[in-house]
Amino acid sequence: MLSALRFSIYFCFQHRHLLELLKRTTMQGESNSALIIGPRGSGKTALLNHVLKDLREMEQARENLLEVHLNGLLQTTDKVALKEITRQLQLENVVGDKVFGSFAENLAFLLEALRKGNRTSSCPVLFVLDEFDLFVHHKNQTLLYNLFDISQSAQTPVTVIGLTCRQDILELLEKRVKSRFSHRQIYLMNSFDFKQYIKIFKEQLSLPSEFPDETFAQKWNNNVQHLSEDKTVQDVLQNLFHHTKDLRSLHLLLMLAVSAVTVHHPLLTAADLQEASKQHRTDSKANIVHGLSVLEICLIIAMKHLNEVYDGEPFNFQMVYNGEST
Amino acid sequence: SHLDLSGKCLQVFCKLRRKNRNSHEHYLNKQLLDNLLSFLSRSHSEFQEKTTEWTCKMKFREIPTAALVLGVNVTDHDLTFRGLSDVLQDSITPYIALLEAKDCPGIKNLMQKLMGQLMNCDIDVDTLEDEDCVQVSQNRIRCSMSSLISWYESVTKKTDSETPSKKRSSSSRHWKSPPVVVIFKDMESFTTKVLQDFIVISSQHILELPLVLIFGIATSPMIIHRLLPHSVSSLLCIELFQSISCKEHLSTIIDKLLLTSRFPFKLGEKVLQVLINIFLYHDFSVQNFIKGFQLCIVEHFYSQPLSVLCCQLVDVKKRVISLSHEQCENIRRLPSFRRYVEKQEAGKQIALLTNDTFLKEDTESLLKDLHVYHENYVSILRCLHVFTSSLPKYPLGKQIRELHCACLENRVWETEEYESSLQLARMLNKTDLVTMLQQCVEILTSSSGKQFDKTVEKLKEFLTQFQNLEAEASQERDVSVLSQKELQKKTDLYHLQKTLLELKESRRSKKLTKFEVLRFEVVDYMDSLVRKYLVPADDRTLHEIVYFNAANVLRGHLNAAPRTALHTALNNPHWYLKNQALKCDGGSISNKAPDICIVYKLHLECGRLINLVDWLEAFSTVVTAAEEPNAVAASSDQMDDIIQYPFSFLSTVSELELLGFIKPSKQKTDHVARLTWGGC
Amino acid sequence: RDNNYNIKLQRSSFMCMLQRQQFSLPSIFIYGHTSSGKTYVMQTLLTTLQLPHVFVNCVEYFTSRLLLEEILIQLQSYSSDTEQASPVHCDTFNDFVRLFKQAVASRELQDQTLYIVLDRAEQLREMEANILPAFLRLQELTDRNVTVVLLSEIVWELFRPNVGCFEPFTMYFPDYSIGHLQKILSQNHPPEYSADFYSAYINILLGVFYMVCRDLKELRHLAALNFSKYCEPVVRGEANERDTRKLWKNIEPHLKKAMQTVYLREISSSQWERLQHDGGEPGQLKGLSAHSHVELPYYSKFLLIAAYLASYNPVRTDKRFFLKHHGKIRKTNFMKKHEKTSNHLLGPKPFPLDRLLAILYSIVDNRVAPTANIFSQITSLVTLQLLSMVGQNDQLDGPRYKCTVSLDFIRAILFSLMWDFRGT
């Protein structure tokens, strides 16, 4: 979602840090573990993808890295996760119908198989655990324990990267899991100010130089520049900025505004943005209330009244009905 | 003879069974089923016929739904539903599913159950494969509406193409696409969510799957509004069907079973009262009433050795002849027979008491008398009911069963109620009286008893007399009209009152009119009939053979009191164990009693909270007390004893907890709380 | 059909969003009242624009497994291969993502956005916790050009899990105003009458029903049900089509009656039609609520009354009400606590079995033995939902009950008991 440029500007430190970490894994076969922590929409996945892209561009790293991507939303149990790991490492044939005593045995076998398959020194494996906090809820945190355990013992080079939006993630880990974690944490924060926000706004809206119709791109980009200086637009943006710094919501706002663009209305105007913001910020409950019938509205009014009378204590339908009919 | 006895018993039993079933179906079928069937056949055909019409296109396609209000006697519903589904299977559709709330805690279970029943019915019909096969196929099928629809399509297509001989449900009886009927047996117990989901889902597929719902409702149809919000109930096209009330049902059962001379077996007054009371006071269940009745039969044939003679009239002779000497002695011991003997002259008395053959002959004629008595009794009872049921306030009860009980209990003509109803009968107006007499004539002529020729004649005579009165009555009417006119003329209050008083006086003093005389005659005649035929059965000789009178036994079986029984068992073990050693007087506790009885008795003396240590101590004192009467010296060993007993003590305490007498207390750790109150 | 009108009402931006094929939103959340055209618009758009899509109702596919399998089955029908018979097995979302990728890969229209529409999406909340967030970011998880559209009647705030999730693009379908309803309903008039005539009828109909009902489907249903009555004077030749006043006089009371009966499903639509056809008075048919009387066995009546007393009277008044020699209760103290609200407003309170029996013994004249029949009556009252069991079903701890019937119901019972007394 964010351009490469932005990473070098805003997250250059984190970017460098992560890249260095992965480089060490791929080139020197060093095991490691790290957590990337940041609120939703702050660019955790984007950062990781970006780093991986950079990594793949490097000559030595390209051939020498196996990636396993897991997501807490998909692999809801360790059994499913293990199956998925097997599949992603393309070891289904090797495993076959073998029966394993424990989870650890199974995982060890997988990594062992990797070693045998290629060279004498085994290929490093990168585990990416998206929605890391969901893995914490698995029974006994077996998967996490085993992954971290392997990353500590130096037999197979394994790097575990977790992505999560929970700041209290370390509290959720069991003691034995926590002690095996390297405690490397990379924080991503939306720490920009409003000026930078405006810049992002411009950046998001501008057409890239490779756009086919060059004259239109020129015109469009000029218009965007104008918009960013417009008072009403700035108000709109300021409003959103104070509400949330989440870039996804800015994105949605722009999406709404841009969808007003047609052949007859080729350029974005401040009014479009304002309209979009209005739509973006509508109170959904008010919307719903608007569509209620008279009787239903009466009941809601009675409930509101009771809520004030009883100071938030619960009340039942009988009381509401009584209140309404009087 | 024992074999013979049980055979007899079974015969009567089967007969009653058949009878019950018939009457049951008959009564429910008549109105309810006819309406239901027409509703079901109407429900989907309308849409099939006129799909092109504008209203049909515009109208929302609702799911036809029958709300079947059956009354609170839930135990009877099973039979009703079974009958219903049989009838539906015969005439409307082979696809019926019966759902019960306890099988459907979630929509998933409901769908599983539904599909299992529907698809099974098909498998049952055309192939005879193993149970396992069905199971497997069920598991494989995805439990969703779409698979149900595809099943329905395949099934209906198959019936079209198939030769009708193979399938039981040939298309001649069902239409091309018969509806799928889903019966919710106990609507009240279903959760809102399950019902809502099911209705929403099926309403989306109503075009592909012609569904009809039947809600079995025990309380009132209001429950539909309580369970379903408007958004869901608006998907339904609900029609209401009400079954006859269970009280009416009971009346018909009593009418068919008891008030007929077809069955030799009879219920005594007390027993009948017990059965009716259980019905009215407790469960309204006709099923249970019949079961109680069956229990009476079993109990009677089991406990009364002379019940061999309780048979149809044609068999009596054969049975009486085959009586053994022992059985003859049994007859002689019957109280009613002894009373009968006492009334006979000396010679006959001796013959009856010594000569078995003579006794047999006499018994046979007595039994025949008893049969005749029953025939007459029923007819006259019905006649009397015609009168009493139309009196104001019903002094003898509205229902014929109340009248029946009153007549069984004692001589009905000696009761106050009878007296007052006679008085009321003497005030009946002419038209009522005439219709009643006509009804009585009908009852008597249709009855099996042949003695009533004279009575019928007499009643007919009364009727003609009433007709003759007609002419004379017109004159009287003139008089009354005149006085009426006078009345209207008087306008001031004083005069009005005065004339009214005068009128009353004149009426009282006036000689009885011819109508009144006749009315008196009719009532007196009825009274004489009652005195002649409605003699209580207890007065009849040999009534013990056909009447079951052990109300106490029946009450013990049907109206058990678990708490009382438990208390008796624990408090007075002798009652059940019949061990002389356990017999104890007053409040003392025998140490021979089972541990649990001792512990229980001790706990009765305690308050709300019981200290376990004290309890144990008391327990060990009781147990050891009688063992060594001279054990004063052994008091030093007391501690050892206490240590010896805890196992048996603790196990009995936990038994008491299991029985619900005590529970662990949270207030004090070494105490338990009593859950019952009161002492011994 | 009529709802096409609604598309015009909706923002055109919506269409723009759907038409794009290069870039698509990961998920769209659409909410609005019943019959504001969510499903209809979605379906029409997707079919008229011929976009590849999957349409699933979450109520119908009530478990995650059924839902996922249904999506895959519908996807199979898009694939060019004819081997559709292969049954789909998909237990987890992990499998789903894998199978989904396969299914999409086998299609030739790979560059097009695939739309997965989940109707009645509020059901997703009942399924496993990972289903809803996973659907919201399906695009990211599968790395395919797919948009998930959720349709629901409740607002997004009630969906959001407490740890947050990928926020969908939310969109509101506004409800119809009375003018819109008028236009939409008037659009399909019966062929034998003019549009103006029908439109006048709709006007009257809305005048009666708009206060209570704004549901388009329901209104159309009601319009169809009552139209024949409206036409009656015209058919009989008593009025012509312009005679609005006369027609209004004829139909208005009829519609009001309908509001109290058919609309509430007190009387079924077929009964209503039959009634109209036969020209009978609507008063003849009794609705469902008219049959509120429940016939109960004698002791059940007393049990219910006892339960009602136990539910609505505080425990401390029992002594005063049911004991012959009770001490005096200081009134001031007693009243203070209950000044605020009547007990009837607060609803029934649970009571233990023993209290119920104690009250029963004191309100029944003759002695009642605690027989099995009495206990079984209590359970049958529970199955009839006249009483309800509170808490766990533990016989050892002593069950607690609540009385769920209303005061009116108890009054009716009392009345019938009084009738019994007078009768005997």
Inset, instruction - Give, as side chain, backbone, both or neither, the part of C/Thr34 having an atom under 4.5 angstrom from any heavy atom of chain B. - result: neither
Inset, instruction - Determine whether B/Gln204 and C/Val59 make a side-chain contact, defined as any pair of heavy atoms from C-beta on separated by less than 4.5 Å. - result: no
Legend entry - Toward chain B, the part of C/Asn57 with a non-hydrogen atom under 4.5 Å: side chain
Inset, instruction - Please name the residue in the list B/Leu110, B/Ile201, B/Asp197 that meets the side-chain contact (heavy atoms from CB on, under 4.5 Å) test with C/Phe62. - result: B/Ile201
Inset, instruction - Under 4.5 Å heavy-atom distance to chain B, tell me which part of C/Tyr263 shows up: side chain, backbone, both or neither. - result: both
Inset, instruction - Output the option from B/Ser146, B/Ser231, B/Pro64 having the highest count of non-hydrogen pairs under 4.5 Å with chain C. - result: B/Ser146
Inset, instruction - Tell me, for B/Leu236 versus chain C, whether the close heavy atoms (under 4.5 Å) come from the side chain, the backbone, both or neither. - result: backbone
Legend entry - Rounded distance (nearest 0.5 Å) linking atom CE of B/Met111 with atom CD of C/Glu60: 7.5 Å
Inset, instruction - Identify which of B/Gly397, B/Cys237, B/Ser202 forms the greatest number of heavy-atom pairs closer than 4.5 Å to chain C. - result: B/Cys237
Legend entry - Which portion of C/Ser300 sits near chain B, non-hydrogen atoms under 4.5 angstrom: both
Legend entry - Closest contact, heavy atoms only, C/Asn373 versus B/Leu558: ND2-O, 3.4 Å
Legend entry - Heavy-atom closest contact (C/Thr404 atom, B/Arg226 atom, distance): O-NH1, 4.4 Å
Inset, instruction - Using the side chain to side chain contact (heavy atoms under 4.5 Å, CB included) rule, take C/Leu386 and B/Thr219 through it: C-alpha gap first, then chi angles, then the decisive distance, then the call. - result: CA-CA 9 Å; C/Leu386 298 173; B/Thr219 51; 4.2 Å; yes
Inset, instruction - Find the distance between CZ (B/Phe39) and OG (C/Ser268) and round it off to the nearest 0.5 Å. - result: 7.0 Å
Legend entry - Side chain, backbone, both or neither of C/Glu295 within contact of chain B (heavy atoms, under 4.5 Å): both
Legend entry - chain B contact via C/Glu153 - side chain, backbone, both or neither, heavy atoms under 4.5 Å: neither
Legend entry - Flag side-chain contact, heavy atom, 4.5 Å: B/Asp283 against C/Pro297: no
Inset, instruction - Could you tell me which portion of C/Glu70 (side chain, backbone, both or neither) has an atom closer than 4.5 angstrom to a non-hydrogen atom of chain B? - result: both
Inset, instruction - Would you check, one step at a time, whether the test side chain to side chain donor-acceptor pair (under 3.5 Å) holds for C/Glu218 with B/His230? - result: CA-CA 11 Å; C/Glu218 185 69 23; B/His230 183 252; 4.6 Å; no
Legend entry - Pairwise side-chain contact, B/Val72 with C/Leu384, heavy-atom cut-off 4.5 Å (strictly under): yes
Inset, instruction - For residues B/Ser220 and C/Val294, report the shortest heavy-atom separation together with the two atoms involved. - result: CB-CG2, 3.9 Å
Inset, instruction - Provide the closest heavy-atom pair for B/His282 versus C/Gln377 in the form atom of the first, atom of the second, distance. - result: ND1-NE2, 2.7 Å
Legend entry - Contacting moiety of B/Lys102, where chain C heavy atoms sit under 4.5 Å: neither
Inset, instruction - Count the heavy atoms of every other residue, nucleotide or ligand shown that sit under 6.0 Å from NZ of C/Lys217, and state whether that count exceeds 12. - result: no
Inset, instruction - Over all heavy atoms of both residues, which pair between C/Arg265 and B/Ser234 is shortest? Give the atoms and the distance, please. - result: NH2-O, 2.6 Å
Legend entry - Region of B/Ile107 that comes under 4.5 Å of a non-hydrogen atom in chain C: both
Legend entry - Side chain / backbone / both / neither for B/Glu402 at chain C, heavy atoms under 4.5 Å: neither
Inset, instruction - Measure C/Leu67 against the heavy atoms of chain B and call it side chain, backbone, both or neither at under 4.5 Å. - result: neither
Legend entry - Residues C/Asp354, B/Arg563: salt bridge by 4.0 Å N-O rule: yes
